[in-house]
There are 2 protein chains.
Amino acid sequence: MTSRAVDRRATAASEELSTVDGLAQLSFLIHGTLERRAAERELSIIQTRLLGVLRDRKPTMNELAKVLMLDKSSISGLVDRAERRDLVVRVPSDADRRAVLVALTDRGRALVSDVAARFGADVSSLLDRLPASDRATLSRLVSRLLVAHAADRGIDLFAPTTTG
Amino acid sequence: MTSRAVDRRATAASEELSTVDGLAQLSFLIHGTLERRAAERELSIIQTRLLGVLRDRKPTMNELAKVLMLDKSSISGLVDRAERRDLVVRVPSDADRRAVLVALTDRGRALVSDVAARFGADVSSLLDRLPASDRATLSRLVSRLLVAHAADRGIDLFAPTTTG
DNA sequence: TATTGTTATACTCTATAACTATA
DNA sequence: TATAGTTATAGAGTATAACAATA
């Protein structure tokens, strides 16, 4: 039964959570952790993702829409609100005068680094509950899952990034 | 560096993702899976969580606010929209004439079961990428993490549920 | 007085449709 | 014509504040 997965409670049926339920609960725990850390800096998850994408790219609005899987009109609003807070700037594209590039400001970069650092510390301290050997094992299994899943979609996680 | 955790890309630096990044990515993958399965039934994550909570409880609006960690006014709107779709019903409380109980309709129960089943199947098929012995190991490690985390908050995951 | 729930209001986030400017 | 982006509009989801009914 995976039914408990949609709320966050444990089954008392067995002394160990089912793998599916456990993984689901852990996922919500970690997602909620990021949500909370972002909220402490007045960021929503989507604003945080926006800033995260911009850390190593200066995409057009259109490219942002594809990466974040949102309509271009949603990106307009998202970038508007981030720009109002001086977290990002719109820059006209040289190559195509219709296009607009979006870049992180220093303030935006500092903010996303801060959130990422505190979130990372949260996950680290969660992992610290396990002995080092278990951590290594967990890391290996999780990597395998991600690699297998990525392979299903024809993506090689470890290929040099071709900066979409 | 946990910096990549806030976007969803892999580091190519090492042949294995850091444990923190890997766990974060896996979490977003699983969260996104639920989001997608819920959206297929026109449900948001929060509507799905609402229905999930109601599967084994008939709480007051106030209790819902606590469980979902939302303001009571947000619960009013949430329940309004679910009630409009005939997924839940408001029932006057006998014990306290100020209070309102919320219950799942048959339609609501069917819907949440459907979403939970398909989501569970997704996670299962992801896990099927691992050999059975690895799955067992992963399950054990994840359970340990959740138990340790719950213990930090003074919660025993395996205690009989005292129906808040 | 305190608590339960609703309503009014405001803002974020999202999509669709219509629009402008450029390719 | 097709594409990049914005704007208008509508609806979900969230919080704060003010309110009504009951405890």
Side-chain angles (χ1 to χ4, degrees), chain A residues 31-32 34-36 38-53 57-103 111 164, chain B residues 31-32 34-36 38-53 58-103 108 111 164:
Chain A
H31 192 274
L34 177 58
E35 207 161 21
R36 191 160 32 76
E40 287 172 0
R41 297 297 183 261
E42 329 269 45
L43 290 175
S44 62
I45 289 280
I46 188 61
Q47 286 285 347
T48 306
R49 287 184 58 207
L50 168 64
L51 301 185
V53 165
R57 270 171 287 184
K58 202 167 98 179
T60 64
M61 299 291 283
N62 217 336
E63 287 163 350
L64 273 179
K66 280 171 194 155
V67 171
L68 298 178
M69 292 200 294
L70 293 175
D71 189 84
K72 57 189 178 165
S73 66
S74 303
I75 301 295
S76 283
L78 214 52
V79 169
D80 282 352
R81 291 184 293 272
E83 203 169 23
R84 236 182 276 140
R85 291 174 63 182
D86 188 33
L87 302 178
V88 307
V89 278
R90 280 174 164 95
V91 182
S93 163
D94 288 336
D96 183 339
R97 285 184 14 231
R98 296 170 301 180
V100 174
L101 307 179
V102 184
L111 195 57
Chain B
H31 192 275
L34 178 58
E35 206 161 20
R36 191 160 32 76
E40 287 172 359
R41 297 296 183 262
E42 330 269 46
L43 289 175
S44 63
I45 290 281
I46 189 60
Q47 287 284 346
T48 306
R49 287 184 58 207
L50 168 64
L51 301 186
V53 165
K58 202 167 98 178
T60 65
M61 299 291 284
N62 217 335
E63 287 163 350
L64 273 178
K66 281 171 195 154
V67 171
L68 298 178
M69 292 201 292
L70 293 175
D71 189 84
K72 56 190 178 163
S73 65
S74 303
I75 301 295
S76 282
L78 214 52
V79 170
D80 282 352
R81 291 185 291 274
E83 202 169 24
R84 237 181 274 140
R85 291 173 64 182
D86 189 32
L87 302 178
V88 308
V89 279
R90 282 175 163 96
V91 182
S93 164
D94 288 337
D96 183 339
R97 280 171 34 218
R98 294 169 302 179
V100 174
L101 307 178
V102 184
L111 196 58

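Both backbone and side-chain heavy atoms feed into the values below; hydrogens, waters and symmetry mates do not. Note on naming: letters A, B, ... go to the chains in the order of the sequence lines (proteins, then strands), and numbering restarts at 1 for each one.
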Taking the minimum atom-to-atom distance to the side chain of Asn62(A), which one of dA4(D), dA12(D), dT14(D) wins? dA4(D)
Output the distance between atom NZ (Lys58(B)) and atom OG (Ser93(B)), rounded to the nearest 0.5 Å. 9.5 Å
Short side-chain donor-acceptor distance under 3.5 Å, Asn62(A) and Thr60(A): no
Which whole-number value in Å describes the distance from Ile46(A) CD1 to dA12(D) P? 20 Å
Rounded distance (nearest 0.5 Å) linking atom CD1 of Ile45(B) with atom NE2 of His31(B): 4.5 Å
Rounded to whole Å, how long is the line connecting atom CG of Leu64(A) with atom C1' of dT14(C)? 16 Å
Locate the shortest heavy-atom distance separating Ala82(A) from Gln47(A); write the atom from each residue and the value. CB-OE1, 3.5 Å
If you assign Met61(B) and Leu43(A) each to the DNA chain C nucleotide with the nearest heavy atom, which residue ends up on the more 5' nucleotide? Met61(B)
Arg84(B) CZ to dT6(C) P, straight-line distance once rounded to whole Å: 13 Å
Let me know the distance between CD1 of Ile45(A) and C1' of dT14(D), rounded to the nearest Å. 15 Å
What distance do Arg85(A) atom CZ and Leu43(A) atom CG have between them, rounded to the nearest 0.5 Å? 5.0 Å
Leu50(B) side, atom CG; Leu64(B) side, atom CG - distance, nearest 0.5 Å: 6.0 Å
Rounded to whole angstrom units, what separation is found between the CZ atom of Arg49(A) and the C1' atom of dC13(C)? 13 Å
Glu83(B) CD - dG5(C) P separation (whole Å): 13 Å
Using a heavy-atom cut-off of 4.0 Å across all strands, would you classify Asp71(B) as base, sugar-phosphate, or nothing? base
Nucleotide dT14(D), atom C1' - distance to CD of Gln47(B) in whole Å: 13 Å
Without decimals, in angstroms, what is the distance between Leu70(A) CG and dT16(C) P? 11 Å
Which atoms form the tightest heavy-atom contact between Gly108(B) and Leu51(B), and what is the distance? O-CD1, 4.1 Å
For DNA chain D, which residues in residues 72-81 of chain A have a heavy atom at a distance below 4.0 Å? Lys72(A), Ser73(A), Ser76(A)
What is the distance from atom CG of Leu87(A) to atom CZ of Arg81(A), rounded to the nearest 0.5 Å? 12.0 Å
Selection: residues 90-101 of chain A, any non-hydrogen atom under 4.0 Å of DNA chain C: Asp96(A), Arg97(A), Arg98(A)
Separation of Ile75(A) CD1 from Glu63(A) CD (nearest 0.5 Å): 11.5 Å
